[in-house]
Engineer: 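Structure provided below as structure tokens; questions to follow.
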There are 2 protein chains.
Amino acid sequence: KVRVEHVWKEYKLGKQTVEALRDVSMGVGEGEFMAIAGPSGSGKSTLLNLIGCIDTPTRGEIYIGNEEVSKKTPNQLADLRARTLGFIFQTFNLLPVLSAWENVEYPLLYRKDIPPKERRRRVAHYLVVVGLADFAKHKPSELSGGQRQRVAIARALAGHPVIVLADEPTANLDSKTGEGILQLMKQLNRDEKTTFIFSTHDHRVMEMADRVVRISDGRIIVP
Amino acid sequence: KVRVEHVWKEYKLGKQTVEALRDVSMGVGEGEFMAIAGPSGSGKSTLLNLIGCIDTPTRGEIYIGNEEVSKKTPNQLADLRARTLGFIFQTFNLLPVLSAWENVEYPLLYRKDIPPKERRRRVAHYLVVVGLADFAKHKPSELSGGQRQRVAIARALAGHPVIVLADEPTANLDSKTGEGILQLMKQLNRDEKTTFIFSTHDHRVMEMADRVVRISDGRIIVP
Ligand SMILES: Nc1ncnc2c1ncn2[C@@H]1O[C@H](COP(=O)(O)OP(=O)(O)OP(=O)(O)O)[C@@H](O)[C@H]1O
Ligand SMILES: Nc1ncnc2c1ncn2[C@@H]1O[C@H](COP(=O)(O)OP(=O)(O)OP(=O)(O)O)[C@@H](O)[C@H]1O
Ligand SMILES: [Mg+2]
Ligand SMILES: [Mg+2]
């Protein structure tokens, strides 16, 4: 389903070059529940951003469903990001002027395939399952850190994506709340065959994963 | 050293009132290494913000070193925030246009009691101890999530505060990096008698703590 081939990501910082990813190759099977683990700064978010088509590699190719991403047209890419991929950001990236409800609803407004009644049903459903039914009207500044994280989770899942990229989705959650979120994701993985790709420091996620890929200093560690 | 007396914090949300803290009373001893634990949304950050003088209670009093905070003059409060208290925010709150070095240095520029040479020594020292010596020139947008968290940690500690308020300081760190940060804090607590008040979901912090205060739905749970 996902294939990363000899990917490099370099950043220019003044005169220096920072190599965030170096010759990374890996695959993710359809319906896999997979964790990417590694030290802070090792390249996990960078790799997730490339697979999630939020950023482009300096070298190498990314394949989503057999098609190379850089060969896709702008319309195909927009469609990929809207329908196939769901992204839960490490820093949430909620829209500050919108309420929790509106933040979850926002990407669905662009989906011509989702009628208004179904859209509202999904927003309500996902706010309930992440435990935020009573907080629908709160803006991000009126929410706790873990509540914002759960709005970001609900927003990504409500689109019913084929592949979910989850960048440390439990970082701001207590054990019990985090456990509930992971069970929800495991259930979606089992019932809908949704592919989950986590960047995580959470050992529970690693234990639940079908496979753990380890990264260090921009390179995959081959066991 | 710190006393919280019958504190309430209410927010108005449209016509409704959200009670984030309800009749909270607690104390923190000098040089204590203490954790506040509880579910997402239970009031931990709100309580830390009140003790850290970043916010004011709706009802009740906060005492820092025997003086009631609401009785302090603006100058006394500014001095308290600059010299006595160090705050590590759950969302880091770094200045986006400044580099890591400048972000750590920034609060120290206002300290007439710290000469330029000592200021530079401290900035360099704390960037080294949080593992960011090579990242001094990166801006926050050029840093990973855990690297930004560590800049926030270095910034709070470089002022040599008497009391550190740490809001989930290990949330974005892998086990090894997080362990290093906690050992650094434990050492400061032992050697300098620095008081640490953590909001945390991390069981390691709870295990290292002299005492764990549990909060749920805005109330302290009395064991
Ligand atoms: N400005 C606001 N208006 C309304 N409600 C608010 C506001 N700020 C916070 N709240 C509510 O107050 C409660 C406590 O928030 P707080 O940030 O203290 O929780 P927390 O324990 O730190 O949670 P987390 O572990 O998720 O960080 C939450 O339910 C939140 O929705
Ligand atoms: N725009 C940029 N310019 C320069 N370097 C960058 C930039 N963005 C990221 N980096 C560097 O790339 C490396 C990888 O970053 P990345 O965010 O992928 O790490 P991570 O594994 O997600 O870390 P964490 O666990 O702390 O979130 C880091 O060392 C970071 O400093
Ligand atoms: Mg990251
Ligand atoms: Mg909080």
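Proteins come first, then strands; the chains are lettered A, B, ... in the order of their sequence lines, and each starts at number 1.
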Engineer: What distance do B:N172 atom CG and A:Q90 atom CD have between them, rounded to the nearest 0.5 Å?
Structural biologist: 5.0 Å
Engineer: Is the shortest side-chain heavy-atom distance between B:P39 and A:K176 below 4.5 Å?
Structural biologist: no
Engineer: If I measure from the heavy atoms of chain B, does A:T91 come under 4.5 Å with its side chain, its backbone, both, or neither?
Structural biologist: side chain
Engineer: Out of B:S42, B:A171, B:S175, B:G146, return the one with the most heavy atom pairs under 4.5 angstrom to chain A.
Structural biologist: B:A171
Engineer: Of the backbone (N, CA, C, O) and the side chain (C-beta and beyond), which part of A:S40 lies under 4.5 Å from a heavy atom of chain B, both, or neither?
Structural biologist: both
Engineer: Please identify each residue that fulfils side-chain contact (heavy atoms from CB on, under 4.5 Å) with A:L98, with sequence neighbours left out.
Structural biologist: A:L95, A:E102, A:N103, A:Y106
Engineer: So for A:Q147, is it side chain, backbone, both, or neither that comes closer than 4.5 Å to the heavy atoms of chain B?
Structural biologist: both
Engineer: Identify the two heavy atoms, one from B:E142 and one from A:L13, that lie closest to each other, and give their separation to 0.1 Å.
Structural biologist: OE1-CD1, 3.0 Å
Engineer: Under the side-chain hydrogen bond (donor to acceptor under 3.5 Å, both in side chains) rule, what pairs show up with a residue in residues 177-186 of chain A, not counting sequence neighbours?
Structural biologist: A:D174-A:T177, A:E179-A:Q183
Engineer: Where along residues 51-59 of chain A does a heavy atom come under 4.5 Å of chain B, listed by residue number?
Structural biologist: none
Engineer: Sort by residue number and list every residue of residues 197-209 of chain B having at least one heavy atom under 4.5 Å from chain A.
Structural biologist: B:H201, B:H203
Engineer: Report the option among B:G178, B:G131, B:S144 that has the most heavy-atom pairs separated by less than 4.5 Å from atoms of chain A.
Structural biologist: B:S144
